[in-house]
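The next block holds one structure in the form of structure tokens; read it before the comments.
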Protein chains: 2
Amino acid sequence: MDYIEAAQALLQEKGVRASTIRINVLAYLLSHPTHPTVEHIYQALRKSMLTLSKTTIYNTLDLFQQQNLVRVINIDEKEMRYDANTTEHGHFQCQECKAITDFTIRCSTPDLPGFQIATRNIYYRGICAECQTKKEELLNEKSNGN
Amino acid sequence: MDYIEAAQALLQEKGVRASTIRINVLAYLLSHPTHPTVEHIYQALRKSMLTLSKTTIYNTLDLFQQQNLVRVINIDEKEMRYDANTTEHGHFQCQECKAITDFTIRCSTPDLPGFQIATRNIYYRGICAECQTKKEELLNEKSNGN
DNA sequence: TACATATTTAAATTCATTACAATTTAATTT
DNA sequence: AAATTAAATTGTAATGAATTTAAATATGTA
Ligand SMILES: [Mn+2]
Ligand SMILES: [Mn+2]
Ligand SMILES: [Zn+2]
Ligand SMILES: [Zn+2]
């Protein structure tokens, strides 16, 4: 089953009309688990849907959020990011390459009695393993070169 | 020791010039552990500092962040919030009363090997204990009244 | 087909944050 | 003390993602 079919099936499950735009937005999110921005989605879909409006992307993603088809990731303080993976997981943004990585996490919160938790967002920032390696290599080259 | 003195001491520790504005912004944060917005701080200090500029609040908070005197809380997707408590703790925002509560948290993250973590932000949303009680009381009244 | 409803579009607006140049204040040097 | 330099503060304008509005288009049903 390709992403288009998967998106269509998910929309039908939720009782949401599976319009072309909705299918394509959801399929894009499923096939690009990189936490894209509205702009990313817009620019990608625009190529094949010439009259596409950015407002529609916003509306569609709002609808998806209400239906728990996507979750909003606010780790990047500039733009919102969207994730079709709605299972519990944390997000790590690299300060070098800006990439956002998923990670599994288990938390214990002793002092929230009587609180009703609706959503959890766990955001870490730092240097990803890849960029860390690159930095070390660069450092080694320098010390060898001199 | 009052908050003004505490703020002054903290600034001196960091080797930052303890100007009147800086002392007052930091003292406000120390005395209002409610995660205020820039607007909150600005409106409060404006009363005693007539020519205060909002830009200065932004600049001051940026400086504080660099010096690890405050941490930025991005739980409220509209406005940034600031916290003079820089120790590890999570934040819970009530969807009813909008209040932001601190909570202690312990997390294990098995799959981030080689990643260098610089900052952690843990945001929960839902209904706080107080609002939860209020809602239940309202429900009881209704069922008794009818 | 006709009509109501849902979806999509484009333009205008909002508003927190940032950029920047000008001014004021404080520290350092003559 | 005066002059010079550096730092802090101010006000205005610009930025840009997100929202609002209203109009256009598509879709389902009778
Ligand atoms: Mn994810
Ligand atoms: Mn806090
Ligand atoms: Zn990286
Ligand atoms: Zn509450």
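Below, chain A is the first sequence line, B the second, and so on; all start at residue 1.
Between the P atom of dT10(D) and the CG atom of Leu50(B) lies a distance of 11 Å, rounded to the nearest Å. Distance CG (Leu52(A)) to P (dA26(D)): 14 Å, rounded to an integer number of Å. Here the P atom of nucleotide dA8(D) and the CG atom of Leu11(B) are 11 Å apart, to the nearest Å. Distance Asn74(B) CG to dA17(D) P: 16 Å, rounded to the nearest Å. Note: CD1 (Ile57(A)) to P (dA10(C)) measures 12 Å, nearest angstrom. Put simply, CE on Met49(A) is 7 Å from P on dT9(C), counting in whole angstrom units. For Leu61(A) and dT8(C), the CG to C1' distance is 14 Å, given to the nearest whole Å.
Using a 4.5 Å heavy-atom threshold, the side chains of Leu63(A) and Asn59(A) count as separate. Between Ile57(A) and Leu52(A), the closest side-chain pair of non-hydrogen atoms falls below 4.5 Å.
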Using a cut-off of under 3.5 Å, enumerate the N/O to N/O pairs linking the protein to nucleotides 16-23 of chain C.
residue	atom	partner	partner atom	Å
dT17(C)	OP1	Met80(B)	N	2.8
dT17(C)	OP2	Tyr58(B)	OH	2.7
dT17(C)	O5'	Tyr58(B)	OH	3.4

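For Lys135(A), the salt bridge (Lys or Arg N to Asp or Glu O under 4.0 Å) test picks out Glu96(A), with sequence neighbours left out. Residues satisfying the side-chain contact (heavy atoms from CB on, under 4.5 Å) test with Ala7(A), not counting sequence neighbours, are Ile23(A), Leu26(A), Ala27(A), Leu30(A). Applying the side chain to side chain donor-acceptor pair (under 3.5 Å) criterion to Thr104(A), with sequence neighbours excluded, gives Asp111(B).
Grouped with Ile127(A) in a hydrophobic cluster is no other residue, since no side-chain heavy-atom contact under 4.5 Å to another Ile, Leu, Val, Met, Phe, Trp or Tyr is found. Through side-chain heavy atoms spaced under 4.5 Å, either directly or across other Ile, Leu, Val, Met, Phe, Trp or Tyr residues, Ile122(B) is tied to Phe92(A), Phe103(A), Ile105(A), Leu112(A), Phe115(A), Ile117(A), Ile122(A), Tyr124(A), Phe92(B), Phe103(B), Ile105(B), Leu112(B), Phe115(B), Ile117(B), Tyr124(B).
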For residues 66-76 of chain A, which side-chain donor-acceptor pairs fall under 3.5 Å, sequence neighbours excluded?
residue	atom	partner	partner atom	Å
Arg71(A)	NH1	His89(A)	O	3.4
Arg71(A)	NH2	Arg120(A)	O	3.1

Validation: residues 35-45 of chain B side-chain donor-acceptor distances under 3.5 Å, sequence neighbours left out:
residue	atom	partner	partner atom	Å
His35(B)	ND1	Ile100(B)	O	3.4
His35(B)	NE2	Asp83(B)	OD2	3.2
His35(B)	NE2	His91(B)	NE2	3.1
His35(B)	NE2	Asp102(B)	OD1	2.9
Thr37(B)	OG1	Glu39(B)	N	3.4
Thr37(B)	OG1	His40(B)	N	3.1
Thr37(B)	OG1	His40(B)	ND1	3.1
Glu39(B)	OE1	Lys54(B)	NZ	2.4
Glu39(B)	OE2	Gln43(B)	NE2	2.7
His40(B)	ND1	Thr37(B)	N	2.9
Gln43(B)	OE1	Arg46(B)	NE	3.4

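The shortest distance between the side-chain N/O atoms of Thr51(A) and the OP1/OP2 oxygens of dT9(C) is below 4.0 Å. For dT9(C), one of the phosphate oxygens OP1 or OP2 lies less than 4.0 angstrom from a side-chain nitrogen or oxygen of Thr56(A).
Residue contacts for Thr37(A): at a heavy-atom cut-off of 4.0 Å it reaches no nucleic acid atom on any strand shown.
Near-neighbour residues of DNA chain C inside residues 16-25 of chain A, defined by a heavy atom below 4.0 Å, number-ordered: Arg17(A), Ser19(A), Ile21(A), Arg22(A).
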